[in-house]
There are 2 protein chains.
Amino acid sequence: MPEGSSEQPKRPNRPTMRDVALLARVAPKTVSRVVNGVPTVDPAMAARVREAARKLGYRPNLTASSLRRGDGRTRSIGMLVEDAANPYSAALIRSVEDIARERGVLVLIGSLDEDPARERELAQEFIDRRVDGLVVVPAGQDQGYLRAEQQAGTCVVFADREPRLLEADAVVSDNRESAVTAVRHLMAAGHRRIGYLGDLASITTAAQRLDGYRHALEVAGLPVADALIRQDLTTEQAAVAATREMLALPEPPTALFTSQNLVTIGCSRALRELGMQDRVAMVGFDDFPLADLLRPGISVMAQDVEAIGTLAARILFRRLDGDRTPPATTVVPTRLIARGSGEIPVAAALAVPAAAVEPPAPEPPAAAARAEGALDV
Amino acid sequence: MPEGSSEQPKRPNRPTMRDVALLARVAPKTVSRVVNGVPTVDPAMAARVREAARKLGYRPNLTASSLRRGDGRTRSIGMLVEDAANPYSAALIRSVEDIARERGVLVLIGSLDEDPARERELAQEFIDRRVDGLVVVPAGQDQGYLRAEQQAGTCVVFADREPRLLEADAVVSDNRESAVTAVRHLMAAGHRRIGYLGDLASITTAAQRLDGYRHALEVAGLPVADALIRQDLTTEQAAVAATREMLALPEPPTALFTSQNLVTIGCSRALRELGMQDRVAMVGFDDFPLADLLRPGISVMAQDVEAIGTLAARILFRRLDGDRTPPATTVVPTRLIARGSGEIPVAAALAVPAAAVEPPAPEPPAAAARAEGALDV
DNA sequence: TGACGTCGAGACCACGTTGTCTCAGGTCGG
DNA sequence: CCGACCTGAGACAACGTGGTCTCGACGTCA
């Protein structure tokens, strides 16, 4: 039998300040000073300390440091998103990470899958590890459980969706107004029967987008038909099915507004499977990669995800730096990107009921791949 | 002026075990026992402690706990990926997170952007926070800098790419063999001039894929032409440009093998801009969302990202549980997914030099959206 | 040369928690 | 009825670090 056969994970013997101090023949406190770059240390002594640290492979323990330090900062923040694998969440994570990096702050990640219980559990886990702050895309309807943590000094900033029953900073898109813009864009192409395909009705932003859809129709004097509204589509498959069902109605919509990117993709897939992608107009909420490579390209209301993440992080750090101004919600503009699918005229849908004939492509030539975009609120 | 106007961020006064102990009239150690669920506590006393904790909003400080605890575990791991916003990295993060969650372990994220210096810096930052382990998609050519940390007890598992100059567990795809499969698939459609468009030559996996490409050609007795090999394409734009240039050669390739998903997308875009997407065959490495929605669908060698992440995490935790078997590399099978682009026959390219005539679509009908896949090594 | 000021290094302790030990009180067998 | 044994709660110290204070050495100037 070789040496050390103890099966239980024994504590790794990492060198500490004490070890470095012993080797450099100084007091531990002096090592601390050198590590923290305190200038009032004899250069020769500092060199000796650094040499000893190098020789031992010493690395400071930030865990212990933050415990003792006056500010108690751990130099880490927590981030709660819908799903780290979702392109929207992924982009958000990355932009927050970039701002955090500027300050040497690390980012902890948690995916919620729209589960309010997970939101609370993970928030608690982050807090138990004493993160300096949180960036949260809430899944639940009530963030009041965070009030005690705010008072205990943990800064919280919300991204994408505003908090409920809690006062805190938030960075969001104007979902309602953007939905209005999207629906009006479809109406401008002559559409009068416009379907709505949406995410979970309980998600604030989904509700706001539906509200915008309804409002746009009402202002235009068009009826809001229940048969043309489908919600709670949480998977691509559900969106495919809902699209098929809606288009099979006696009076099917000639255009669709999809309120989230999985839904948009599912809808797009259904239209292609039915061969109707050039006859039924569609505008989606949220941009996604390759939307411009499809034929027709998918017109979307694009959120500026990077801006949302960057702003949320900047606001969080401003708070951590002592900003005590009242919490505020920052609204980031969205942008309509016309790529073809949203500009299909109503005539295309009415011309051929269900034939195999391809209508002439109503999209701009391929050369103009990146289409123009109009700025909105 | 209100109260506490001290501008400097004062330490938040969070209740500690001592506070709970005082209120419950027990010793701090008893609170510790209750919090940790030690069964040898008088039930009445435990109830009193829990009530006091609830009343004060007490939350244990895992930072202090891990400092004092025998195993020194922080119940957090670090993950170094190429870019958290990239779909491949995002999927990897999510699958690691899911395994970690089962154990109440949180995940710290760091994006490297293929920068070896960042790899070392971030690994160091994670270690300074005493993560229990690391899952690394390395950017650099030498991971020897981690040897000391391994010996100090930090477990490291590599994902997607094997480590260099370091013995550690790794979970990877068989890149070389998969590239051979992809190229042979193109050869099966009659192609003899096959171009290679690849990522940074310094990335291990890119080199392996190029190697497989070369090997497949050599075995088939075909020449390996330098003009048909382009590397170091780090952006979609670079891939677009390289594709254009290669197709403008006097003897252009009739098929392309792209070694990474950004390159695949760039190549796809270039083909569409040239109107050649139905004449030049293409197989990409790495699957990506919407690859099946394009026309033709993009044929790919799909890596099983979820399996790679899940396995890497499981191996990491097995190590943390005390597994001391020698480090090993686990190979995860890839899968050829035929969607149309890879099955375009050589005849399509040779038929029409540069006309506007559309050849009959050589792809399967739209109904069979999810095409068949063959299993490989 | 001596009183004083300055400056840098170390002693000491606390941050919040838990491992270890002690000890009071109870149980049980001889 | 007493000693051995067990049970459960508290005292104490320590994890690795940094804030605070002390103290010796040195320099300055009268």
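So you know, we letter chains A, B, ... as the sequences are listed, proteins then strands, and number each from 1.
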Using atom [atom1] of [X] as one end and atom [atom2] of [N] as the other, report the distance to the nearest whole Å.
{"X": "A/L67", "N": "C/dT17", "atom1": "CG", "atom2": "C1'", "answer": "8 Å"}
{"X": "B/R73", "N": "C/dT18", "atom1": "CZ", "atom2": "C1'", "answer": "17 Å"}
{"X": "B/Y58", "N": "C/dG16", "atom1": "OH", "atom2": "P", "answer": "10 Å"}
{"X": "B/R75", "N": "C/dT17", "atom1": "CZ", "atom2": "P", "answer": "16 Å"}
{"X": "A/M17", "N": "C/dG10", "atom1": "CE", "atom2": "P", "answer": "14 Å"}
{"X": "A/N36", "N": "D/dG16", "atom1": "CG", "atom2": "P", "answer": "17 Å"}

By side-chain contact (heavy atoms from CB on, under 4.5 Å) - contacts of B/E125 (at least two apart):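 With neighbours one apart ignored, the set is A/L106, B/R129.
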Residues which pass side-chain contact (heavy atoms from CB on, under 4.5 Å) with A/D19, listed by chain and number, not counting sequence neighbours: A/P15, A/T16, A/L56
Under-4.0 Å side-chain N/O to phosphate OP1/OP2 contact, A/N61 with D/dC15: no
Using a strict 4.0 Å threshold on nitrogen-to-oxygen distance, state whether [X] and [Y] make a salt bridge.
{"X": "A/R54", "Y": "A/E51", "result": "yes"}
{"X": "B/R103", "Y": "B/D321", "result": "yes"}
{"X": "B/D113", "Y": "A/R94", "result": "yes"}
{"X": "A/R118", "Y": "A/E82", "result": "no"}

Positions of residues 121-130 of chain B (non-hydrogen atom under 4.0 Å from DNA chain D), listed by number: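 By residue number: none to list.
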Side-chain donor-acceptor contact under 3.5 Å, A/E119 with A/Y145: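 Yes.
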Between B/T154 and A/R14, a side-chain donor and acceptor under 3.5 Å: yes
Check: B/V171 main-chain N/O paired with B/T330 side-chain donor or acceptor under 3.5 Å: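 No.
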Neighbour count >12 (heavy atoms, 6.0 Å) for atom CD, A/E167: no
side-chain hydrogen bond (donor to acceptor under 3.5 Å, both in side chains) partners for B/T329, two or more places apart: B/E162
Axis-to-axis angle between the two ends of the helix from C/dT1-D/dA30 to C/dG30-D/dC1 (five base pairs per end, rounded to 10 degrees): 50°
Sugar-phosphate only, base, or nothing, as touched by A/S65 at under 4.0 Å among non-hydrogen atoms: sugar-phosphate
Reading 5' to 3' through nucleotides 7-13 of chain D, protein heavy-atom contacts under 4.0 Å coded B for base, S for sugar-phosphate only, - for none: -SBBB-B
